[in-house]
Structure formats: C-alpha cells, structure tokens
Engineer: 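The structure is given below, and queries will be raised subsequently.
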Amino acid sequence: MTAHRLLRPRWLATGGAVLLAGVLGVALLLQNGGGACAAPPTSAKHKGKATFYDLAGATGNCNFKPPADDLYVALGRTEYSAALSCGSYIDVTGPKGKVRVKVFDSCPECTVGWLDLSRTAFKKIADPVQGVVPITYRAVPNAKTPGPLSITFAEGSSQYWWAVLIDNHANPIKAVKAKGPGGSWMTATHADYNFWIIDRRTGSGPFQIKMTDIYGNTVTAKNLKLIPKKKQATSVRFAGGSTVTASPSKSHSASPSPSPSKKKPSPSVSPPESPLTEAATVEPTQEEDLALAAAAPEPSC
C-alpha cells in the first residue's frame, strides 16, 4: 500500500485562494452545524491514526515554512481550532517508535484523532508502505524550540493596519495585544491562517507586543519596528511560566506575509532562513505537566 494521500493542495499556499478558503470554511461549519468542540490536543494521551502527505507549496495553513528537521503535522478542523494549535508540538507514537512534530498545517478532511504527518515524520513511527497506522499522541507543553519567539510584520503593514506572524512559541497563544509609544493596548484578532491582525490606526511604532498562552503565561517583546516581511527574533519564551519583557535582536530574515488590501490575504514566498541554534529549554516535570493540562481551557461547543 502506498501513502494515503500525496500532494494534498493547500488553500493558502498559493495566491488568490483566500476568499475561496473562507467560503469553504463557512460551508463546512454550516454543513456540520458547528457541533464539534474546537480545541487543540491536550497533554493527556489520545488514540488515533496517522497518515502522511507531501506539501504542495512553500508553507502550510499556519504560514510557517517547514521546520529544518521536516517534522510537522496537519490537524483536522476541530483540533486545528482556527489556528490556535499552530506552532505547538505533539509527541506521536506509532508501531515503530515516537516522533515530535510541529503543528504546521490543517487537514480539511481529517477527523479528531487523525493526524496527517510529513513523510519524514511518518517514517520515524512506521513503514510508509503501511499508509495508515494506529497511534497515540499528546501535546507537549513548554516544548523545546529552535530559538526564542520571533515576530514578522506582514507585507503591507503600516501605521493604519498591520498583521504579525508569531513563531517559536511552542505553547498555543490565546491573546495578543500591542501598543506604541504613549499609546494604549490594542487587542489583535487571530485569523485562521495564523496572523494576528490589528485593523485600525496603530501609529508607526516601535511597538510592545504582549502574548498570553493557553496556560496563562504572558511574555512581552519590546522595541519591535514596523518593518514588513522581516523576522525579528526576540529573547522571550513561554517556558518557565514567568512574565518576561525583552527587546528583539538585530538579526532579521525574510518571511511570508499577507497584504492589507484583503481581510484574509495569502502569503508571499521568500528565501529560506538561516538555521537557528537550538536553545536548551527545561521540560516540565510530571507534576508541572499535569498542572499545565489542568490550566488548559475547556473546549467551547
């Protein structure tokens, strides 16, 4: 048996498909009556099945480029949870072993418990000839990341509208606020293609951006300059559970971004980034892991 699915198209991997993706999303919601409880996977052990796919395009629906190790996963609509799961990590155990994958994409046809892995990730847990295998999986709070949080302003961002892509946060982000010099905090909205958007006059910055994860941890990055399509690496992390403020480093690299001319724009392809040095992050103890799982929000139906 060959791979279950190959070259599954990505609505947001090519230009001009955003409106269609939104229409289809609404249609699916109506078709299913909105009955599913959307929520990211928790750190409790879940049973399910895994397939694999080859990415058709430069990014997944989370708008990240594939991680350097090529270990990523697409989740179904419920567990993708309107991009809330984007950037988190999941441990998947199959017949051959275990692999840790980054939530990178959505899988429109996947039901709860069906994880669609990258081919590289699938090979670590099973023989690709099997195509579909039983698995167990769990979310990994405070997972180790390739570096601290990074923030990229979208193409076309200005003092009248902007959107940001946040990466390397590991824990799902539930809230983002921003403010400029002398201003008040402005609340961003989260699009299902994983950009955080402020659709109002923001000023020209530099900005502070405050991020809160689903476990209640808050970090604030300062001195973020309004430079579209440049990845600004900060020094803040959610791991450890403390409130931290820091300014971004000076090293930037290009990243995909949407356009302000549309409410749901699509990314542009840009050159690959330089690999980051992996930083040591302390994994939570069993007691901390249980506490984090208890702190996670209940699914909303």
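Residue numbers run from 1 in the order of the sequence given.
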Engineer: Sequence neighbours excluded, which residues qualify as side chain to side chain donor-acceptor pair (under 3.5 Å) partners of Y80?
Structural biologist: none

Engineer: Applying side chain to side chain contact (heavy atoms under 4.5 Å, CB included), name anything that partners A170, two or more places apart in sequence or on another chain.
Structural biologist: Y89, A143, T145

Engineer: Kindly determine whether F64 and N194 satisfy side-chain contact (heavy atoms from CB on, under 4.5 Å), including the steps that lead there.
Structural biologist: CA-CA 9 Å; F64 303 132; N194 198 33; 3.3 Å; yes

Engineer: Report the distance from atom CZ of R237 to atom CG of N217, rounding to the nearest 0.5 Å.
Structural biologist: 14.0 Å

Engineer: Ignoring hydrogens and geometry, is there a side-chain-to-backbone donor-acceptor pair from D192 to A82 under 3.5 Å?
Structural biologist: no

Engineer: Consider only side-chain heavy atoms of I, L, V, M, F, W and Y, link residues closer than 4.5 Å, and tell whether M186 and L224 are in one cluster.
Structural biologist: yes

Engineer: Sequence neighbours left out, what pairs pass salt bridge (charged side-chain N to carboxylate O under 4.0 Å, His left out) with at least one residue falling in residues 79-94?
Structural biologist: D91-R100, D91-R138

Engineer: Checking K96 side chain against K123 main chain: does a donor-acceptor pair fall under 3.5 Å?
Structural biologist: yes

Engineer: Does any non-hydrogen side-chain atom of I151 lie less than 4.5 Å from one of L165?
Structural biologist: no

Engineer: Looking only at atom types and distance, does a side-chain atom of N171 sit under 3.5 Å from a main-chain N or O of N142, one as donor and one as acceptor?
Structural biologist: yes

Engineer: Give every residue pair that meets the salt bridge (charged side-chain N to carboxylate O under 4.0 Å, His left out) criterion with at least one member in residues 175-186, sequence neighbours excluded.
Structural biologist: none

Engineer: Using a 3.5 Å distance criterion without hydrogens, assess whether the side chain of H190 forms a donor-acceptor pair with backbone atoms of A188.
Structural biologist: no

Engineer: To the nearest 0.5 Å, what is the distance between OG1 on T152 and CG on N63?
Structural biologist: 10.5 Å

Engineer: Can you list everything that forms a side chain to side chain contact (heavy atoms under 4.5 Å, CB included) with T212? Sequence neighbours excluded, please.
Structural biologist: K174, A175, T218

Engineer: Spell out, as yes or no, whether a donor-acceptor pair under 3.5 Å connects the side chain of S81 to the backbone of L84.
Structural biologist: no

Engineer: About how many Å separate NZ of K144 and CG of N168, when rounded to the nearest 0.5 Å?
Structural biologist: 13.5 Å

Engineer: Among I197, I198, T202, whose side chain to side chain contact (heavy atoms under 4.5 Å, CB included) with W161 holds?
Structural biologist: I197

Engineer: For S158, which residues count as a side chain to side chain contact (heavy atoms under 4.5 Å, CB included) partner, sequence neighbours excluded?
Structural biologist: Y160

Engineer: Enumerate the residue pairs fulfilling ring-ring contact (aromatic ring centres under 6.0 Å, His included) with a member in residues 166-188, sequence neighbours excluded, ordered by first and then second residue.
Structural biologist: none

Engineer: State which residues pass side chain to side chain contact (heavy atoms under 4.5 Å, CB included) with P134; sequence neighbours excluded, sorted by chain then number.
Structural biologist: none

Engineer: So, D167 and K102, do they make that salt bridge, N to O below 4.0 Å?
Structural biologist: yes

Engineer: Quick one: OH on Y215 to OG on S43, what's the gap to the nearest 0.5 Å?
Structural biologist: 6.0 Å

Engineer: How would you list, by chain and number, every residue that makes a side chain to side chain donor-acceptor pair (under 3.5 Å) with T120, sequence neighbours excluded?
Structural biologist: D70

Engineer: Within the distance-only criterion (no hydrogens, no angle test), does the side chain of D213 pair as donor or acceptor with the backbone N or O of P172 below 3.5 angstrom?
Structural biologist: no

Engineer: Does any non-hydrogen side-chain atom of L75 lie less than 4.5 Å from one of P41?
Structural biologist: yes

Engineer: Who are the side chain to side chain donor-acceptor pair (under 3.5 Å) partners of W196, not counting sequence neighbours?
Structural biologist: none

Engineer: Cluster question for you: counting only ILVMFWY and a side-chain heavy-atom cut-off of under 4.5 Å, with indirect links fine, are L226 and L149 together?
Structural biologist: yes

Engineer: Supply the atom-to-atom distance I90 CD1 to T42 OG1, rounded to the nearest 0.5 angstrom.
Structural biologist: 10.0 Å

